[in-house]
Amino acid sequence: MKTIDELLAEGVSGKRVFVRADLNVPLDGTAITDDGRIRAVQPTIAKLAEAGARVVVASHLGRPKGAPDPAFSLAPAAKRLGELLGADVAFATDTVGDSAKETVAALADGQVAVLENLRFNAGETSKDDAERGAFADQLAELADLYVGDGFGAVHRKHASVFDLPARLPHAAGFLIATEVGVLKKLTDDVKRPYVVVLGGAKVSDKLAVIDQLLGKADRILIGGGMAYTFLKAKGHEVGISLLQEDQIPVVTEYMERAEKTGVELVLPVDILASSDFPDLKTKAPADFVTVDADKIPADKEGLDIGPKTRELYAEKIADAETVFWNGPVGVFEHPDYAGGTSAIARALLNCDGFTVVGGGDSAAAVRTLGFDENAFGHISTGGGASLEYLEGKTLPGLAALED
């Protein structure tokens with residue numbers, strides 16, 4: 001995989017460099033609520049511009065249906081990128097149409113442009129190779145070189161991620177190089193004890209990674225909505241908590257495997273439970289009780305790990321040499337149920353080992369709850385991509401960057 005440093009050494013001045021970034025930031029209307037992904041790709045874009053490249057930045061945002069939708073415009077992201085770069089950033093109002101062609105043609109050396117949301121074109125996400133390839137052909141006409149730096153999208157076989165690199169000389173940006181280096185520390189060169197914290201809503205989303213980690217991790221701590229399927233598998237009452245009953249057999253098998261292989265699979269010992277889901281908009285005070293994890297009332301839903309579990313998980317993390325955390329362990333968006341996720345973040349900060357926050361909601365939680373991002377070993381920009389890498393899958397966007 002060619003690095004961006006090698007590309008820069010060959011010379012990029014005057015050349016149109018297509019940067020596939022991940023600017024898929026959360027929006028409240030047109031206001032960006034978390035610019036972490038834009039900040040993550042900014043060094044690659046800045047370095048190319050400094051070297052005299054004519055930088056063409058492209059990304060997706062949200063899940064539009066293959067047609068323009070103002071609610072998913074990348075205009076706010078383009079504006080924020082310009083603020084971070086301290087320079088004007090041109091914005092094309094389409095992906096491969098007249099605006100894109102004219103905007104790219106008008107770039108001078110060292111200038112940057114952002115194309116409109118790639119998913120406004122159905123060819124970007126098409127499962128038909130020909131349709132996807134045709135869109136990649138159109139994108140290729142806008143550039144001389146390709147730099148892949150949208151780590152959050154490398155697990156997608158999309159035109160700008162998978163097909164376009166085959167049509168242009170290509171290299172990996174700084175962000176992807178960093179992300180892959182970190183993931184290798186979690187798979188090939190692991191320092192022990194190796195502790196994994198998994199949260200989030202659905203256990204089905206994490207089964208494949210648990211399957212892989214049962215042979216690699218020393219301890220796996222379970223929280224979030226997925227914990228209730230494990231608790232139910234142990235025969236506990238979980239009330240009206242999130243539950244995937246069809247996954248109980250495989251969860252049971254994983255618990256048995258963990259016991260046989262000596263992996264500590266740690267479940268919550270107490271829970272914050274309520275009969276009402278919290279009001280996330282006004283964040284009105286919640287009405288909850290703290291109960292033992294095996295005594296959740298039939299009419300209540302578990303919404304966060306309790307104080308005993310927070311202490312237990314902090315103890316299990318304290319001596320770790322490597323920690324990977326993916327998924328909040330409670331409804332952190334509401335202050336009354338943010339305590340568990342905050343406790344996990346603090347435990348990582350208090351740990352002397354290499355700590356990785358696995359993107360997605362975990363990264364959002366770290367920022368939302370006011371933690372210093374730089375205090376963690378690494379905060380990933382791609383939760384789904386990280387998980388699929390740890391599952392041992394081939395990621396199309398990484399495979400496409402291999403020479």
Side-chain angles (χ1 to χ4, degrees), residues 1-5 22 36-37 39-41 43-44 148-155 171-200 206 208-222 261-266 313-314 316-327 344-363 365-366 371-399 401-402:
M1 187 182 292
K2 179 183 283 188
T3 67
I4 190 171
D5 286 327
D22 180 9
R37 284 176 169 164
R39 287 185 285 110
V41 75
T44 290
D149 216 25
F151 180 73
V154 294
H155 58 314
F174 295 128
L175 176 61
I176 278 187
T178 298
E179 295 274 13
V180 171
V182 166
L183 287 168
K184 286 183 177 178
K185 290 184 179 181
L186 300 177
T187 52
D188 302 333
D189 185 25
V190 182
K191 293 183 179 180
R192 299 183 180 279
Y194 179 18
V195 178
V196 176
V197 184
L198 295 176
K206 304 288 167 65
V209 75
I210 293 173
D211 183 45
Q212 288 293 315
L213 290 170
L214 281 173
K216 295 184 174 75
D218 297 298
R219 300 171 199 142
I220 302 176
L221 317 181
I222 304 293
T261 57
V263 175
E264 281 190 79
L265 188 59
V266 189
Y313 284 12
K316 297 295 184 182
I317 292 168
D319 67 343
E321 288 294 325
T322 305
V323 185
F324 173 69
W325 171 31
N326 182 279
I344 297 298
R346 281 194 300 273
L348 264 67
L349 294 180
N350 292 332
C351 171
D352 292 330
F354 180 59
T355 56
V356 179
V357 180
D361 288 340
S362 312
V366 164
F371 290 95
D372 179 4
E373 298 175 57
N374 296 320
F376 298 89
H378 179 70
I379 296 182
S380 178
T381 57
S386 295
L387 286 178
E388 291 199 17
Y389 188 100
L390 293 178
E391 290 168 15
K393 292 182 178 179
T394 297
L395 306 188
L398 297 185
L401 294 175
E402 297 288 348

Under 3.5 Å, is there a donor-acceptor pair between the side chain of [X] and the main chain of [Y]?
X: Lys184; Y: Asp189; answer: no
X: Glu179; Y: Thr381; answer: yes
X: Asp22; Y: Ala153; answer: no
X: Asp149; Y: Ile176; answer: yes

Stepwise side chain to side chain contact (heavy atoms under 4.5 Å, CB included) test for Asp319 and Arg219: CA-CA 11 Å; Asp319 67 343; Arg219 300 171 199 142; 2.8 Å; yes
Criterion side chain to side chain contact (heavy atoms under 4.5 Å, CB included) on His155 and Lys393, from CA distance to verdict: CA-CA 9 Å; His155 58 314; Lys393 292 182 178 179; over 6 Å; no
Could you tell me which non-hydrogen atom of [X] sits nearest to which non-hydrogen atom of [Y], and how far apart they are?
X: Glu321; Y: Arg192; result: CG-O, 3.0 Å
X: Val196; Y: Ala217; result: CG2-CB, 3.9 Å
X: Thr44; Y: Leu175; result: OG1-N, 4.1 Å
X: Ile222; Y: Tyr313; result: O-OH, 2.6 Å
X: Lys316; Y: Val266; result: CE-CG2, 4.4 Å
X: Leu401; Y: Gly397; result: CG-O, 3.3 Å

More than 12 heavy atoms from other groups under 6.0 Å of NZ on Lys2: yes
Residue Asp188 excluded, over 12 heavy atoms near CG under 6.0 Å: yes
Point-to-point distance, once rounded to the nearest 0.5 Å, from [atom1] of [X] to [atom2] of [Y]:
X: Ile210; Y: Leu387; atom1: CD1; atom2: CG; result: 10.0 Å
X: Leu390; Y: Asn326; atom1: CG; atom2: CG; result: 8.5 Å
X: Phe151; Y: Leu183; atom1: CZ; atom2: CG; result: 5.0 Å
X: His378; Y: Phe324; atom1: NE2; atom2: CZ; result: 9.5 Å
X: Asp372; Y: Leu349; atom1: CG; atom2: CG; result: 8.0 Å
X: Ser380; Y: Tyr389; atom1: OG; atom2: OH; result: 12.0 Å

Worked check of side chain to side chain contact (heavy atoms under 4.5 Å, CB included) between Phe174 and Asp5: CA-CA 9 Å; Phe174 295 128; Asp5 286 327; 3.6 Å; yes
Side chain to side chain contact (heavy atoms under 4.5 Å, CB included) between Trp325 and Leu221, intermediate numbers included: CA-CA 9 Å; Trp325 171 31; Leu221 317 181; over 6 Å; no
Lys NZ or Arg CZ of Lys191 over Phe354 ring: under 6.0 Å, within 45°: no
